[in-house]
Each structure stands twice: as structure tokens, then as C-alpha cells.
There are 2 protein chains.
Amino acid sequence: MTKDSSRPRKPKRGQTREALMAAALDLVVKKAPFSSLSLREVTKRAGVVPTAFYRHFPDMSALGLTLLDESFRTLRQMMRQVRQEELPNERMLRGSIETYFNYVRNNRAHFLFVAKELFGGTPTMRNAIRREIRMFTNELAMDMARFPFLNHVNAEDLQMMAGLVVNNVTALTQEMLELEEDDDYGQQQVLQTAEKQLRLIYFGVGQWKSSNASS
Amino acid sequence: MTKDSSRPRKPKRGQTREALMAAALDLVVKKAPFSSLSLREVTKRAGVVPTAFYRHFPDMSALGLTLLDESFRTLRQMMRQVRQEELPNERMLRGSIETYFNYVRNNRAHFLFVAKELFGGTPTMRNAIRREIRMFTNELAMDMARFPFLNHVNAEDLQMMAGLVVNNVTALTQEMLELEEDDDYGQQQVLQTAEKQLRLIYFGVGQWKSSNASS
DNA sequence: GCATTTCGTCAACATCTGTTCACTAAAAAA
DNA sequence: TTTTTTAGTGAACAGATGTTGACGAAATGC
């Protein structure tokens, strides 16, 4: 009986970790929130046996945190790049927005993952995400502090303004994620809305007087 | 053999439906998103046997939709009440905000449920929620259209402005829900931020000129 | 009063879950 | 090379899951 002399049935060795992460991300995109994925489901999609999972992660929540880290690592570096491009003014707005939303478009899976975990995840997960968002807010506030025309605005109010921007961009991102991947018209629509809304905020900021309580 | 002559072991009859809904809501608050609740879990907490579930709902997702309806029914009526209280101006802001956030505080469970389903739920669920939110946005835009000082703003831009407000209030609501129920300081903080942010938007709206494309 | 429908219980099923343990092929270290 | 460590497989477990069907008590209709 001619036994099959070549047996590279599992030629991939050392790539299982990445396969697991990709599988999980995939399932999140086209099925359910991460919190409701089962270990077996993920391993099945990754093409490995369930027990192989434990060679790479102690449990599902560890996978989740790793995925979260991956999601934000690339996002952070993009944000840094956007921030040091130009000094902000009304003209810069459009460019930044386009850069950001293009990034969202090209990293749909990661954003979907984060969006679903922002509320559906474990407390640990939720806190991690909120910490990142707060960090973005802080950085934005610091950037704004460097504008001459915002000199008279105190730190607390700068934080408030940055929060307003971040809240809105977050909401628009979620709106964008709900659209079909090929719905170019809808995406353009969201982008235009975003630009207008940020410009409106920009106007409001110009009118703001920090010291007022009720005068 | 003295048999127990009184056997009111399950004296509650006809209240199971409410018990199931309450149980589900309870579990959502202190455990996990609705999507990850199991039928057995819910019935156990409701104090009934799993099969009793089917007397009231065909499956879990039906329960979810009912819960969603309940959540929005009370919210809608409150919004209507707030809207017809006064004509909006800067002074009205504080009152409306307080009313709204008090309502959030008193209906924590329902809001938590909605927040977690907004992204974690099934497509059906998500669409239902987004439709409600869009309705609020539309109503707000219609209210704004009645202000004299917004006469020169076209319908599309009114929609955009209303969207900005709703986005932000939604985000702040979520922030509020993340706080402990007895964290009075934190809640007050969010409320103050909300007021400032809405006032800033109010300023921006005052500066807005609809017709401008780039001039 | 009796008949019927409503509504909850109980037992049982097939399926899926996370996790264990022993085993082995491949890769790295010696 | 030989040895050791790494990273996969496979069988098996106890428990939880959704759903079925037959049964009975309470509520309702007549």
C-alpha cells in the first residue's frame, strides 16, 4: 500500500497566532461582537484544532486585548502623522478629515471591532478603549492650546472643546461603519456632514469666552 | 402520609412575561450585552422553567425587540414633553439638559440596554435603534426651523446641526452610563460639560451662513 | 356546574461549549 | 549529530445551550 510519502498537511507552522487574530477579526466583521464569539468558532475558522489556541493565548479575553492593542497601535501612529502635518486652521480641517476617514475605510475591521467592544465588551476592554479615546482628546486639547486665538481659553474649556470634537468624530465614524463597504455616495455624504459640523464647532470656538459664568 | 394540602408553589400566574423582561434587563445591567444572554439564563433569573419562555416569545430576539420598544416608548413621551415646554433659547438649554439627564438617571437599565445594542445587537436591532435616533434628529431640526434667527439656514444645514447636537448628547449619555450609579460628582461633571458644549454649538449656529461654499 | 383554553412544569434530546491530558512532528539548541 | 523545546493533533470530560413533546393545574367561557 503506497503510503503518501509527502505529508505537509499542516505546512504552516508559527503562523497560527496571526491566523487566530485574523479569524476573530473576520468573525467580528461578518457575524457578532467579539464578546459572543466562542473559542472553538475562532479556531475552526483559523483552521486549527481548538486546543491549539492555548499555545498562544490563555483565553479569549487575552486575544481580545491583543486585538485591541493592534487596533490602536496603527491608529495612534496615523493620528500622530496627521497632527504634525500642519498647524490647524479652517483650511486644514478638510484635509485632516479626509485622511482620517480614509484610514477608517482602510481599516474597517479594526474599527468595527473597537466600536462593538466600546459598549459590549468586558469592563477591562471598555476601560482600555475609553483610556485611548481620552488620550486622543488630551492630545487634541494640547494642540489647540498652541493656537494664539485660543489663548484666552482656559485648560478646562479646551478639554471641553476637544471632547466635543472627539465625541462627534466618534459618532460619525460609527455612522460610517454602518454603511456598506461600497456605498461611496453614503460615505461621501458622511464626510461632507463631518466637515460642516467641525466647521460649525470652529465658529463656536471663536466666539467662546472662558471666564464667563453667567455675566 | 400528610400531603401538603396547600400548594401555591407558583402563585404568580400571568406575570411571567413581565418577569422575563425584567430579568433580561437586569442581566444586561449587571452582566453582559443582551446578545450574549442565553434563554436559560433569563428564565432562571425570572424564576421559571426554560420552556415557559416559549409561551410568551418565539425566541430571544423577539424579547429583545419588545424590550427595545419599551425603552423608546417612555423616552419618546419624555422628549415630547421637553420639547413643548418652552421655546428654545440659551436659557432653556440648562433646563432641558437637566430634565433629560435626570430621565437617563431614572431609567438607567433601559439606556444601558439600548447603548449596548446600538453596536452589539443584530442588524434588525441596530436598524431599529438608528431609526429612532434619526427621528429625534428630525424632530429637533423641525423645532429649530421655527426660530426666527435660523431663517436663513437651509433644511440640509438644520439637519446637520441637529445631528451635531444628537451625536454629542448620545456620547455624553454613554459617558454618563459608564459612571457608578452613586457617583454624584461625576454625573454633575458630565452635566456641566454637556451644558458648555451645547452652548458652544449654540454660538456656532449663530455664526453660520448656509449659502457659503467657500467664499 | 362543566368544558376549554391558557400557561407553567418536567424529562429528554442533540449540539456546542471550555478545558484536560497524553502524544508527536518539527524547529532550535547543544 | 543528538537533545530539548516548541507548537500542533486527537480523544475525552463535564457542563450549558436551544428546542421537542407530553402532562397538569389554574383561569376562563359557557
Side-chain angles (χ1 to χ4, degrees), chain A residues 3-24 26-28 30-67 117 120-122 124-125, chain B residues 1-24 26-28 30-67 117 120-122 124-125:
Chain A
K3 247 182 30 190
D4 189 7
S5 58
S6 72
R7 51 219 165 316
R9 277 175 299 182
K10 286 288 168 188
K12 341 173 180 178
R13 171 126 182 160
Q15 308 175 20
T16 305
R17 185 186 163 97
E18 285 72 17
L20 287 170
M21 292 177 63
D26 222 53
L27 286 169
V28 167
K30 65 184 60 159
K31 224 212 77 179
F34 179 81
S35 5
S36 71
L37 295 186
S38 77
L39 184 149
R40 290 181 106 103
E41 220 172 352
V42 173
T43 55
K44 181 179 293 181
R45 176 157 225 118
V48 272
V49 96
T51 51
F53 184 93
Y54 297 100
R55 300 289 178 195
H56 304 278
F57 304 98
D59 54 24
M60 281 293 286
S61 89
L63 207 195
L65 288 176
T66 308
L67 231 31
E117 290 309 293
T122 63
T124 310
M125 197 81 94
Chain B
M1 56 293 284
T2 58
K3 246 180 33 185
D4 190 7
S5 58
S6 71
R7 50 216 166 319
R9 277 174 299 183
K10 286 287 165 186
K12 339 174 181 179
R13 173 130 179 157
Q15 307 174 19
T16 306
R17 186 184 162 97
E18 286 73 15
L20 285 170
M21 293 177 61
D26 222 54
L27 285 169
V28 167
K30 66 185 59 162
K31 224 212 76 179
F34 178 81
S35 5
S36 72
L37 295 186
S38 77
L39 185 150
R40 289 180 108 103
E41 220 172 352
V42 173
T43 56
K44 181 179 293 181
R45 179 161 220 109
V48 267
V49 95
T51 51
F53 184 92
Y54 296 100
R55 300 289 180 195
H56 304 276
F57 304 98
D59 54 23
M60 281 292 287
S61 90
L63 207 195
L65 288 176
T66 308
L67 230 33
E117 290 310 293
T122 63
T124 311
M125 195 81 94

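These values consider heavy atoms only, across backbone and side chains, with no hydrogens, waters or symmetry-generated copies. Here is the naming used below: chain letters follow the sequence lines, and residue numbers restart at 1 for every chain.
With values rounded to the nearest 0.5 angstrom, Met125(A) atom CE is found 4.5 Å from Glu117(A) atom CD. Between Leu27(A) atom CG and Phe34(A) atom CZ the span is 10.0 Å, to the nearest 0.5 Å. Lys44(A) contributes atom NZ, which lies 12.0 Å from atom CG of Leu39(A) (distance to the nearest 0.5 angstrom).
Residues Gly120(B) and Ser35(B) come closest through the heavy atom pair O-OG, 3.4 Å. Contact record, Ala24(B) with Leu67(B): CB-CD2, 3.9 Å, taken as the closest heavy-atom pair.
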For residues 58-65 of chain A, tabulate all N or O donor-acceptor pairs below 3.5 Å that involve a side-chain atom, not counting sequence neighbours.
{"residue": "Asp59(A)", "atom": "OD1", "partner": "Ser61(A)", "partner atom": "N", "Å": "3.4"}
{"residue": "Asp59(A)", "atom": "OD1", "partner": "Ser61(A)", "partner atom": "OG", "Å": "3.4"}
{"residue": "Asp59(A)", "atom": "OD1", "partner": "Ala62(A)", "partner atom": "N", "Å": "3.1"}

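Remark: Thr51(B) pairs with no residue by the side-chain hydrogen bond (donor to acceptor under 3.5 Å, both in side chains) rule, at least two apart or across chains. Taking the side-chain hydrogen bond (donor to acceptor under 3.5 Å, both in side chains) definition, one finds that Lys31(A) meets it with Glu41(A), sequence neighbours left out.
Where pairing requires Watson-Crick or G-U contacts shorter than 3.5 Å, the helical stems of DNA chain D with at least three consecutive pairs are C:1-16 with D:15-30, C:18-30 with D:1-13.
Across the protein-nucleic acid pair, Arg17(B) atom CZ and dG8(C) atom C1' stand 16 Å apart, rounded to whole Å.
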Show me the protein contacts with nucleotides 15-17 of chain D, counting only N or O atoms at under 3.5 Å.
{"residue": "dT17(D)", "atom": "OP1", "partner": "Ser38(B)", "partner atom": "OG", "Å": "2.9"}

When you look at Phe57(B) and Leu20(B), which way does the side chain to side chain contact (heavy atoms under 4.5 Å, CB included) test go after all the steps? CA-CA 10 Å; Phe57(B) 304 98; Leu20(B) 285 170; 4.2 Å; yes
Run the side chain to side chain contact (heavy atoms under 4.5 Å, CB included) test on Val28(B) and Leu37(B) for me, step by step, so that the C-alpha distance in whole Å, both residues' side-chain angles and the decisive distance to 0.1 Å come before the verdict. CA-CA 8 Å; Val28(B) 167; Leu37(B) 295 186; 3.9 Å; yes
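Against DNA chain C, the stretch residues 49-64 of chain A makes heavy-atom approaches under 4.0 Å through Thr51(A), Tyr54(A).
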